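Here's the structure, in structure tokens; my notes come after.
Every chain is numbered from 1 and lettered A, B, ... according to where its sequence line falls, protein lines coming before strand lines. Quick caveat, the model's predicted, so the values are computed rather than measured.
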Amino acid sequence: MDDIKYTTHSHSVNKYDPEKDYGTPKKTSEKLVSLEIDGVTVSVPEGTSIMHAAQLSGVTVPKLCATDSLEAFGSCRLCLVEIEGRKGYPASCTTPVAEGIKVHTQTGKLADVRRGVMELYISDHPLDCLTCAANGDCELQDMAGAVGLREVRYGYEGENHLKAEKDESNPYFTFDPSKCIVCSRCVRACEETQGTFALTIEGRGFGSKVSAGNQLFMDSECVSCGACVQACPTATLMEKTVIDMGTPEHKVTTTCAYCGVGCSFNAEMKGEEVVRMSPNKDGGANHGHSCVKGRFAWGYATHKDRITTPMIRKSIHDEWQIVGWDEAIDYAASEIKRIEAKYGKDAMGGITSSRCTNEEVYVTQKLVRAVFGTNNVDTCARVCHSPTGYGLKQTIGESAGTQTFDSVMKSDVIMIIGANPTDGHPVFASQMKRRLREGAKLIIADPRAIDLVENSPHIRADYHLNLRPGTNVALISAIAHVVVTEGLVKEDFVKERCEWDSFVAWRDFVAKPENSPEAMEETIGVSATTMRAAARMFATNGNGAIYYGLGVTEHSQGSTMVMGIANLAMATGNVGREGVGINPLRGQNNVQGSCDMGSMPHEYPGYRHVSDPMAKALFEAAWGRPLSIEPGLRIPNMLDLAGEGRFKALYCVGEDIAQSDPNTQHVTHALESMECVIVQDLFLNETAMYAHVFFPGASFLEKSGTFTNAERRISPVRRVMAPKNIGKPELKEAGMEDWEITAKLSAALGYEMHYKHASEIMDEIAALTPTFKGVSFKKLDELGSIQWPCDDANPAGTPTMHIDQFVRGKGKFFITQYIPTTEKVNAKYPLILTTGRILSQYNVGAQTRRTANVAWHAEDVVEIHPHDASERGIREGDWIGINSRSGETVLRATLTERVQPGVIYTTFHHPESGANVITTDNGDWATNCPEFKVTAVQVTRVNQLSDWQKEYKTFAEAQIAYTGKTSDKKQKQPA
Amino acid sequence: MQTDTLIKMANQIGDFFEAEPNQAQAQKDIANHLNKFWTKDMRNQIAAHVQTSQGVGLHAQVIAAIAAHLNP
Ligand code: SF4
Ligand code: SF4
Ligand code: SF4
Ligand code: FES
């Protein structure tokens, strides 16, 4: 990223060191400026501060209010320097370098001034350093030492802030204002880094203090990202774990196991215990920022619900029997063999998760293909981004996003379709918000008013296209209609880069009057004028980038919409450079990776179809087993067949289909009908309640591997502690990483996998997959992370794809006819239910529900428009029954105009909510991705839980009791 | 699997290709989709439905695609 070479005259170049705080952000001007600092000449990019230049030349200037993640502010006056020929003492953090100046950072006079400044600070600061949580990690302490402070003349008796009360409201960090030096780093971090603007400095002069809007942190706008805690130079804002455990003694760089942003973290450790997770300044996806999940919500790894011993049982109505690893593996293997003999290979299969590492997914699909002897392996991307894989492969030739996250900093118009970045992809959202505050235009297509519409400080969407759920394709065609008929197509780009015939067919199609905004406005529910204006804005304002999420894919026309997005990007010439592109925001951390690793039933790693003879020959040679050329079953197919008694054994790794897949009752019926369900997970998840074998998994802190984020960035997951799944305690077995469990199962089935370490799995992947050819753990150690394709031509990876030509050669346009979903509203089901997620919880919530994040979201609630509510006599907080063609569930209502009349909205983070009891079997035409975003429902006020919920409660309590643990399912319910 | 489920899925695939100007190509694309993403059993079941029950419930274009281009 950073190719500017810093040079110094008298000694060699100081390499950029992410461990160091350079005081002010790096500048990237092409123009270099030379100056002399304490007798050493340095050349730095124009715009660099004197402080930063000094650090580069090896000289540290004392500082308190400056840190290199924030723009300089110049308030503490500790960083003063002298410049020959200039009067006074300018602050080095706010003064840019100038050609030829001679700077002195250490003179007698400067030392006096600095001591004076420090004396003032310390006179209003408690002197409890020895017992302070920041002892040894406090910049105030360091500076007192650096400036040689020896006495404080003002005494401590005067007016001070030493008695100010602590704010302990946030579950993860403490605010102790008595230690605050009012440097405002926290305020600026909340603004610049996070973009939430929750903090301010209240009052003036001596009376000034940091305030979260005059409320407790928990009651304020704060989203607990932790940026302020990280920026604070003192113990004022401090992680509670550090207060409890003391400062860490070593750290290991690893990758967040939550969302598709894939933030890089330093796990700061004390022995084998994590003290805190600090976002890595050098992280390619996050540049030192994080959200509340990654930074704070890792306590689930040691939660009491975690199961660390293998368990087996004959029937799901039996108690679990705790066994050793060998017994569990042998039992699972014997069941698989029995079922194969009785029902055949095709009655068996596996499911992987986007929460698995690449290596885990790879060995699982290998086990299913090479050992089970069938291609019945699928992954949870089936229910989220499978249409992305299909649609992008068809149009541009590669099933992946085209850009880096950083690319957004060069976008001029950002279009967000069916995604809610501030909740789903918070760290990327912060970066996007920075770009929006710089003036980029914003178009949002979403049925609901997400925070970016007008609820984010200093950001307002130029257009909010609040379409009816299920009309995405009509909308994209209407937008394309405007582009095509108003002469906004970038014809040069299309001529050079795309299949002209396909373009002509598409152009003629979208140009038809029936695809015009005017013809479609009734269907879409957005005025034609607004659609026209948005289309013009997108096509005519420079770099246009499209970001989309599950609001695009989880529809009966999910794949069509992905193609529609690709069509629009190609027609407007917005592919193949920075600032533009087609950007699927992946939900879970390894959605991209699990697809890359061949966990779809029709393709091998690297997206090669199972019927491709070359691919088959390659994998047969490498694996030494005959492979099938027939596509296998997808998850919904497996479940359908299981319900009919024709699919009997499932190995389910890290995925919770009983909670995350649609039409829960259909799923649980399928699970009940199988003879051997093997679940590998940290917890007794909803699926495990129907399992016969439970393999306890290892958390991301306990294993090695890689995750691939939404920008194709492969990042290392590093083991920082021994796996806690130690088996039956009496047997004194060692814990295992998840891939080791799979390999053991494979061996028990007669096929040895000879890996000694996860890195050897990656070596095999690289040897067999052209786009991963140059990837290895060693290279990841060197580079930090790698964006695939990584091969001989691109040894360090490929940040932007399709630069000179599309991966498929020429881009191909597809005709995207709008076909209304069969899930229609009528008198019985007059409302549309759509689903989404929130910041503090993650997916099925198995991890985040077991952390203090429940402080923000203890239950799933239903958003309903006041108009719909009043028609039904529903008030804020009422319990309402939601009925669909699939089932019924009961949740609490909240009234809001975020949703439009006719649409209700909920999340699915809690199993007892049963949000998927009501979703239907409908799915995407090309990939069977469920239509989670559109369910026709009716709602009514009720005073008891639904039958499903009552049965669920009894069943879940019994299942938890079968493990020997106690249930703490404290379900909220109507009084 | 329920034949009805397969019919619904096949028709959805057919619908996508309905607007394709070259209908001969559309037939190939429909069948190709089934060949690439459906298991052998699913394909055989839908082919049998076309043969024995004239494909009742399937859109005409889908029946034609299955009859002409489906891999056994
Ligand atoms: S935790 Fe994040 S959102 Fe909360 S005040 Fe600090 S910087 Fe702002
Ligand atoms: S809380 Fe920390 S960062 Fe904020 S003003 Fe006080 S000392 Fe500075
Ligand atoms: S959940 Fe996502 S945004 Fe939050 S820290 Fe983890 S990877 Fe980053
Ligand atoms: S560090 Fe420069 S004024 Fe505070």
Side-chain angles (χ1 to χ4, degrees), chain A residues 344 346 349 374-376 386 390 394 473 477 501-502 504-506 508-510 512 514-515 556-557 559-560 563 600-603 609-612 628-634 636-644 646-647 814-822 921-928, chain B residues 1-53 55-66 68-72:
Chain A
D346 293 332
T374 165
N375 286 321
N376 292 340
S386 52
Y390 179 81
Q394 295 289 313
V473 173
S477 294
D501 291 351
S502 73
V504 170
W506 172 79
D508 296 348
F509 165 77
V510 293
K512 288 184 185 166
E514 62 259 37
N515 287 321
S556 61
Q557 283 199 289
S559 293
T560 315
M563 293 188 234
M600 294 270 183
H602 64 284
E603 56 199 8
H609 199 268
V610 290
S611 65
D612 170 358
S628 165
I629 54 162
E630 283 296 336
L633 297 166
R634 296 168 170 180
N637 308 148
M638 292 180 196
L639 297 174
D640 283 349
L641 284 177
E644 293 166 21
R646 291 167 56 203
F647 184 82
F814 278 80
I815 289 178
T816 55
Q817 172 78 53
Y818 167 62
I819 297 161
T821 167
T822 51
D921 290 328
N922 266 12
D924 172 48
W925 67 271
T927 68
N928 295 135
Chain B
M1 209 171 298
Q2 302 280 327
T3 305
D4 281 350
T5 311
L6 298 181
I7 292 173
K8 181 174 161 191
M9 283 161 53
N11 281 341
Q12 269 187 291
I13 295 163
D15 288 349
F16 175 79
F17 293 102
E18 207 178 80
E20 164 71 45
N22 178 349
Q23 279 299 302
Q25 185 59 41
Q27 277 187 15
K28 282 190 198 147
D29 290 341
I30 293 169
N32 187 34
H33 196 94
L34 301 179
N35 291 334
K36 275 180 90 173
F37 299 107
W38 284 26
T39 64
K40 199 182 178 73
D41 281 354
M42 289 161 67
R43 296 198 310 270
N44 288 342
Q45 194 176 340
I46 200 84
H49 177 68
V50 168
Q51 252 167 20
T52 57
S53 322
V56 50
L58 284 170
H59 299 172
Q61 185 69 318
V62 178
I63 298 179
I66 290 170
H69 304 291
L70 195 71
N71 289 347

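Distance NE2/A:His609 to CZ/B:Phe37: 6.0 Å, rounded to 0.5 Å. Taking OG1 from B:Thr39 and CE from A:Met638, the interatomic distance works out to 10.5 Å, rounded to the nearest 0.5 Å. Atom CD of A:Glu630 sits about 11.5 Å away from atom CE of B:Met42, to the nearest 0.5 Å. With values rounded to the nearest 0.5 angstrom, A:Asp921 atom CG is found 11.5 Å from B:Met9 atom CE. Here CG of A:Leu633 is found 8.0 Å from CG of B:Asp41. Values are rounded to the nearest 0.5 Å.
Panel note: side chain A:Glu644, backbone B:Met1; a donor-acceptor pair is recorded below 3.5 Å. Between the side chain of B:Gln12 and the backbone N or O of A:Gly923 there is at least one donor-acceptor pair closer than 3.5 Å.
With a 4.5 angstrom heavy-atom cutoff, A:Tyr390 touches chain B only via side-chain atoms. Looking at A:Ile815, the atoms closer than 4.5 Å to chain B (heavy atoms on both sides) sit in the backbone and in the side chain alike. Looking at B:Asn71, neither its backbone nor its side chain comes within 4.5 Å of chain A, counting heavy atoms on both sides. Residue contact with chain B, scored on non-hydrogen atoms closer than 4.5 Å, involves the side chain of A:Met563 exclusively. Heavy atoms of A:Ser559 lying under 4.5 Å from chain B are absent altogether. Within the 4.5 angstrom heavy-atom criterion, atoms from both the backbone and the side chain of B:Gln2 approach chain A. Heavy atoms closer than 4.5 Å to chain B are found in the side chain of A:Phe814, but not in its backbone. Using a 4.5 Å cut-off between heavy atoms, A:Asn928 touches chain B through its side chain atoms alone. A:Asp346 does not touch chain B: none of its heavy atoms, backbone or side chain, sits under 4.5 Å away.
In this structure, B:Lys8 and A:Asn922 have side chains that are in contact, with non-hydrogen atoms separated by less than 4.5 Å.
Here the shortest heavy-atom pairing between B:Ala19 and A:Phe509 reads CB-CE1, 4.2 Å.
Note: A:Trp925 and B:His33 have tilted aromatic rings, judged against thresholds of 30 and 60 degrees for the angle between ring planes.
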